2 protein chains.
Amino acid sequence: MRSTAPRISVLERMRRASAPLSHAEITEELVPLGFDRATIYRNLVDLAEAGLVSRVELGDHVWRYEVRGTESREREHPHFVCNDCGTVACLPAVSVDIRPAPGSRHSVVAEVSDVVLKGLCESC
Amino acid sequence: MRSTAPRISVLERMRRASAPLSHAEITEELVPLGFDRATIYRNLVDLAEAGLVSRVELGDHVWRYEVRGTESREREHPHFVCNDCGTVACLPAVSVDIRPAPGSRHSVVAEVSDVVLKGLCESC
DNA sequence: GACTAAACGCAACTAGATTGCAAACACGAT
DNA sequence: ATCGTGTTTGCAATCTAGTTGCGTTTAGTC
Ligand SMILES: [Mn+2]
Ligand SMILES: [Mn+2]
Ligand SMILES: [Zn+2]
Ligand SMILES: [Zn+2]
């Protein structure tokens, strides 16, 4: 994983984010600075494959990316999307308890790694 | 909402499903019978808007639809997608308990209407 | 400083979703 | 039973976000 200008810019932009960013959102800022959308795209994918960022789909047909880390907000956490305004939020402090059915012996689910909640946000 | 041949076929097909179906999956079966994909698409969207079916995005960039109802499996329930094989499952019996952070006063989340879990399925 | 795999820039392409429009149709009213 | 009108259909075109091919450039190594 080489240290290149586009890659650094992408990572830096993502570090400043408080919610997952889409390729379009990052593109919007970095293309005017002279970077190419395909390069940005491939960097996001590569960084995701390398595990440096996570790639999530929150229900609106857009991939979003966010830096992974050990810091509070950076560790794994549930995400939320407002059905009305589309607002995306990280829920680093919310705990989600998943309980199998009272009577069911074994579920299809072996392990849950990601939780996405949808509903209405405060302002909607 | 008029009762038309394509609309009835779409609804009937969905009633036989045990997991949400994509437009492509429904198309695959109904186009050979003479129905048009755009018509099927619009019916799915219209039925969703009318509240007869729900439209969900489970993380693979494909809209899926399933009949809504009052019966056991038909009421609101969490969904699961396997990160590895892509299997989609309904979890009508799984209860998900969402607890806000211990110290947080108000969250961005006002109301949760849908839950999507991602992870690994039994066979992966 | 030369070498080579990795990364870039530009343009083309894909899949699924979505829409425009004229023709066909469902259904309440006559 | 026929009519009139707003719905719905069928077909083709368009849109969006994602994805890929390829020749050129470059970071990192020797
Ligand atoms: Mn997040
Ligand atoms: Mn379901
Ligand atoms: Zn909102
Ligand atoms: Zn699986």
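Predicted model, so just to flag it, every value in this text is computed and none were measured. Here is the naming used below: chain letters follow the sequence lines, and residue numbers restart at 1 for every chain.
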Could you tell me the separation between the [atom1] atom of [X] and the [atom2] atom of [N], rounded to a whole number of Å?
X	N	atom1	atom2	value
B:M1	C:dC25	CE	C1'	16 Å
A:E57	C:dA17	CD	P	11 Å
A:L30	C:dG9	CG	P	11 Å
A:I40	C:dG9	CD1	C1'	11 Å
B:E28	C:dA15	CD	P	14 Å
A:D36	C:dG9	CG	C1'	5 Å
A:Y41	C:dA12	OH	P	19 Å
A:R42	C:dA5	CZ	C1'	15 Å

Test item: [X] side-chain N/O and [Y] main-chain N/O as donor-acceptor pair under 3.5 Å:
X	Y	result
B:H79	B:E57	no
B:H23	B:R37	yes
A:R55	A:V45	no
B:E25	B:S22	yes

Scan B:N43 against the nucleic acid and name what it touches under 4.0 Å (heavy atoms): base, sugar-phosphate only, or nothing.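 Sugar-phosphate only.
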
Regarding B:V45, tell me which of base, sugar-phosphate or nothing describes its non-hydrogen contacts under 4.0 Å with the strands shown.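 The residue B:V45 makes no contact with any strand.
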
Between B:V62 and A:A38, who's closer to the 5' end of DNA chain C by nearest nucleotide?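 Per heavy-atom nearest nucleotide, the more 5' residue is A:A38.
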
If each of B:S3 and B:R55 is mapped to the nucleotide of DNA chain C with the nearest heavy atom, which maps nearer the 5' terminus, i.e. the 5' end?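 Nearer the 5' end of the strand: B:R55.
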
Reading DNA chain D from 5' onward, which residue's closest nucleotide shows up sooner: A:W63 or B:P6?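 Counting from the 5' end, the first nearest nucleotide belongs to B:P6.
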
Among D:dG28, C:dA17, D:dT20, which nucleotide has an atom closest to any side-chain atom of A:R2?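 Taking heavy atoms from C-beta onward, the closest nucleotide is D:dG28.
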
Ignoring backbone atoms, test whether A:R7 places a side-chain nitrogen or oxygen under 4.0 Å from the OP1 or OP2 oxygen of C:dA7.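 Yes, because at least one side-chain N or O of A:R7 sits under 4.0 Å from OP1 or OP2 of C:dA7.
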
Within the pair B:T4 and D:dT7, is there a side-chain N or O less than 4.0 Å away from OP1 or OP2?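 It does not, given that no N or O in the side chain of B:T4 lies less than 4.0 Å from OP1 or OP2 of D:dT7.
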
Between A:E66 and A:H77, is any side-chain donor less than 3.5 angstrom from a side-chain acceptor?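 There is such a pair (donor and acceptor under 3.5 Å, judged by atom type) between the side chains of A:E66 and A:H77.
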
